[in-house]
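In what follows, chains carry the letters A, B, and so on, assigned in the order in which the sequence lines appear, proteins first and then strands, with residues in each chain numbered from 1. Remember, it's a predicted structure, so these values are computed and weren't measured experimentally.
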Protein chains: 2
Amino acid sequence: MTTAPDKASERGADRSAVFAPLYRQIKQLLMASLEQGEWKPGELIPSEMELATRFQVSQGTVRKAVDELAAENLLMRRQGKGTFVATHHEPRAQYRFLRLQPDEGGGAPVQSRFLECRRQRATADVAALLELKAGDPVVFVRRLMYFDDVPTVLDDIWLPGAAFKGLTADRLAQYHGPLYGLFETEFGTRMIRAEERIRAVAADGVATELLQVDNGAPLLLVERVSYSYGDRPVEIRRGLYVTRQHHYHNTLT
Amino acid sequence: MTTAPDKASERGADRSAVFAPLYRQIKQLLMASLEQGEWKPGELIPSEMELATRFQVSQGTVRKAVDELAAENLLMRRQGKGTFVATHHEPRAQYRFLRLQPDEGGGAPVQSRFLECRRQRATADVAALLELKAGDPVVFVRRLMYFDDVPTVLDDIWLPGAAFKGLTADRLAQYHGPLYGLFETEFGTRMIRAEERIRAVAADGVATELLQVDNGAPLLLVERVSYSYGDRPVEIRRGLYVTRQHHYHNTLT
DNA sequence: AAGTGGTCTAGACCACTTT
DNA sequence: AAGTGGTCTAGACCACTTC
């Protein structure tokens with residue numbers, strides 16, 4: 001077996017210019033294709049050999065790029081079948097981002113009820129988080145989630161108006177399953193990561209009625225910003241969780 | 001270049017018996033060495049080539065095993081120097097498990113004050129979580145943490161008595177830095193993973209005094225079980241967090 | 001049988017650190 | 001210069017899926 005020193009040194013030059021190893025460049029190219037929709041959520045992407053030919057690198061280099069994307073939940077590998085674009089419709093991906101769990105028992109599936117869906121102008125803080133200007137159009141959604149028929153989560157959601165033009169109360173009412181699945185299928189916006197800030201607050205106002213708790217009762221406040229490819233913010237969520245029979249679960253590693 | 005079919009088929013046979021790929025077997029062997037203290041936290045482990053010779057596999061197979069252990073924060077790779085056993089004394093590992101952050105600004109380093117340290121008999125629930133029997137000896141520690149001189153976190157901690165015989169109030173008082181560093185250095189118990197359950201509760205009793213909040217004020221309750229090698233539970237923690245100027249931060253992926 | 005990802009090997013060269 | 005981990009290649013064979 002021989003190496004190809006000419007090729008290698010050419011690439012060495014390229015790499016010092018771009019300042020990243022080859023497999024990370026390949027990874028960026030794959031992410032660009034995902035972002036531009038060359039392969040849609042749930043679809044099969046080309047085989048490792050095909051990608052190696054396309055990018056003129058070895059299969060091992062493609063493999064390392066795909067490995068990282070699979071580790072980040074952007075791709076899903078299935079032995080014997082191929083590599084697929086991750087989707088929020090995948091059974092095991094459902095409610096991957098909802099960390100509230102019943103204290104004991106599996107519990108019945110969650111039920112959603114949409115209370116509001118209307119267009120607004122962004123306030124300064126919402127605009128800042130969504131990287132818009134204050135006054136830009138946003139869609140506001142309020143929804144209540146039931147665990148075992150007990151109202152447990154009250155979510156207020158803000159979405160960039162431009163990307164979610166067709167979102168209506170009717171469309172939400174007839175949809176079942178995770179919202180991120182709807183966003184991905186109907187609006188071409190795939191959520192891939194989120195940051196949450198969690199605090200304890202006292203219940204008041206409309207929350208006490210909707211969640212059926214006393215005024216001043218402790219609630220978990222979960223503020224979430226969700227991001228799509230390229231760290232583009234695509235959703236803001238402000239959730240109030242009742243944690244009498246449930247808890248927010250987290251693993252530290 | 002040639003392969004070694006004899007060797008390969010031998011190993012194929014071995015593998016079907018053990019039912020795991022070679023690199024995972026190597027990974028298990030490395031974990032066993034870590035657990036048994038062949039290499040201690042902060043120490044350099046043998047080079048990839050040496051390990052490959054020891055285990056009679058190729059460097060690439062060792063590499064894949066070490067890659068996974070590095071991804072799980074059990075090992076730390078440093079190019080040009082070698083691979084080290086992870087330690088809680090590492091500057092960038094300090095307070096890796098404390099997810100409470102100031103809402104704005106970096107904030108001053110955290111101060112700890114130890115209020116209690118005494119031996120008890122385990123209650124049923126503590127015993128269950130620590131995989132002991134009710135009545136077995138445990139060490140109980142209560143500590144208050146200050147952010148910017150404001151009392152913010154009240155932790156109650158239970159440790160298995162057998163493994164923490166020498167832990168005293170004096171020893172705690174003179175120690176500075178993360179508790180997990182002390183556990184690792186003085187008691188040979190390295191914490192590698194934790195599970196947390198988070199809820200909102202109303203302040204009452206001694207917590208209101210120590211954290212200087214009103215009776216009924218909302219607090220974050222963080223219940224943590226920490227594990228060492230082999231999923232062995234080594235610590236229980238019940239923390240009350242004041243989230244007026246701080247929040248619990250989490251990233252969802 | 002053919003195609004896919006998964007594992008394993010061997011060898012080359014690069015980047016970084018220490019001697 | 002020598003040793004370490006980091007990258008890249010090429011090729012073999014295995015496990016799984018589909019035709």
Which base sits across from C:dA10 as a Watson-Crick or G-U pair, both distances under 3.5 Å? D:dT9
To the nearest angstrom, how far is A:Phe19 atom CZ from C:dC16 atom P? 8 Å
Side-chain N or O of B:Thr83 versus OP1/OP2 of D:dT4: is the shortest distance under 4.0 Å? no
Could you check how far NZ of A:Lys27 sits from P of D:dT7, rounded to whole Å? 12 Å
Salt bridge or not between B:Arg193 and B:Glu195? Use side-chain N to carboxylate O under 4.0 Å. yes
Would you say B:Lys64 places a side-chain N or O within less than 4.0 Å of OP1 or OP2 belonging to C:dT7? yes
Just name whichever nucleotide pairs with D:dT17, Watson-Crick or G-U, keeping both distances under 3.5 Å, else none. C:dA2
Can you tell me the distance, in whole Å, between the CG atom of A:Asp67 and the P atom of C:dG6? 7 Å
I want to check one thing: is the phosphate of C:dT7, taken as OP1 and OP2, less than 4.0 Å away from some side-chain N or O of B:Thr61? no
On DNA chain C, check which nucleotide each of B:Gly80 and A:Pro46 is closest to and give me the residue with the more 5' one. A:Pro46
What about A:Arg78: does its side chain form a donor-acceptor pair under 3.5 Å with the base of C:dG5? no
B:Leu22 side chain: which of C:dC8, C:dT7, D:dC8 is closest? C:dC8
CE of B:Met49 versus C1' of D:dT4: gap in Å, rounded? 12 Å
Whole-Å distance separating the CD atom of B:Gln56 from the P atom of C:dC8: 15 Å
Distance check: side-chain N/O of B:Lys81 vs OP1/OP2 of C:dT18, anything under 4.0 Å? yes
Hey, is the side chain of B:Ser47 poking within less than 4.0 Å of OP1 or OP2 on D:dT4, counting only N and O atoms? yes
Decide, yes or no, whether a salt bridge links B:Glu90 with B:Arg96 under the criterion of side-chain N to carboxylate O below 4.0 Å. no
Can you find a heavy atom in the side chain of B:Phe164 that is under 4.5 Å from one in the side chain of B:Phe183? yes
Let's see if you can work this out: which of D:dG6, C:dC8, D:dA10 has an atom nearest to the side-chain heavy atoms of B:Pro21? C:dC8
Check: A:His247/A:Asp103 side-chain N/O donor and acceptor closer than 3.5 Å: yes
Nucleotide D:dG5, atom C1' - distance to CG of B:Leu69 in whole Å: 15 Å
A:Arg24 CZ to D:dT7 C1', in whole Å, measures 11 Å
A:Gln59 CD to C:dG5 C1', straight-line distance once rounded to whole Å: 8 Å
The side chain of A:Arg63 lies closest to which of these nucleotides: C:dT4, C:dT9, C:dG5? C:dG5
Taking C:dC16, C:dC8, D:dC8 as options, the one with an atom nearest any side-chain atom of A:Tyr23 is D:dC8
Any idea how B:Phe97 and B:His88 line up, ring-wise: parallel (<30°), tilted (30 to 60°), or perpendicular (>60°)? tilted
If the test is side chain to side chain donor-acceptor pair (under 3.5 Å), which one of A:Gln94, A:Arg190, A:His89, A:Glu235 qualifies with A:Tyr180? A:Glu235
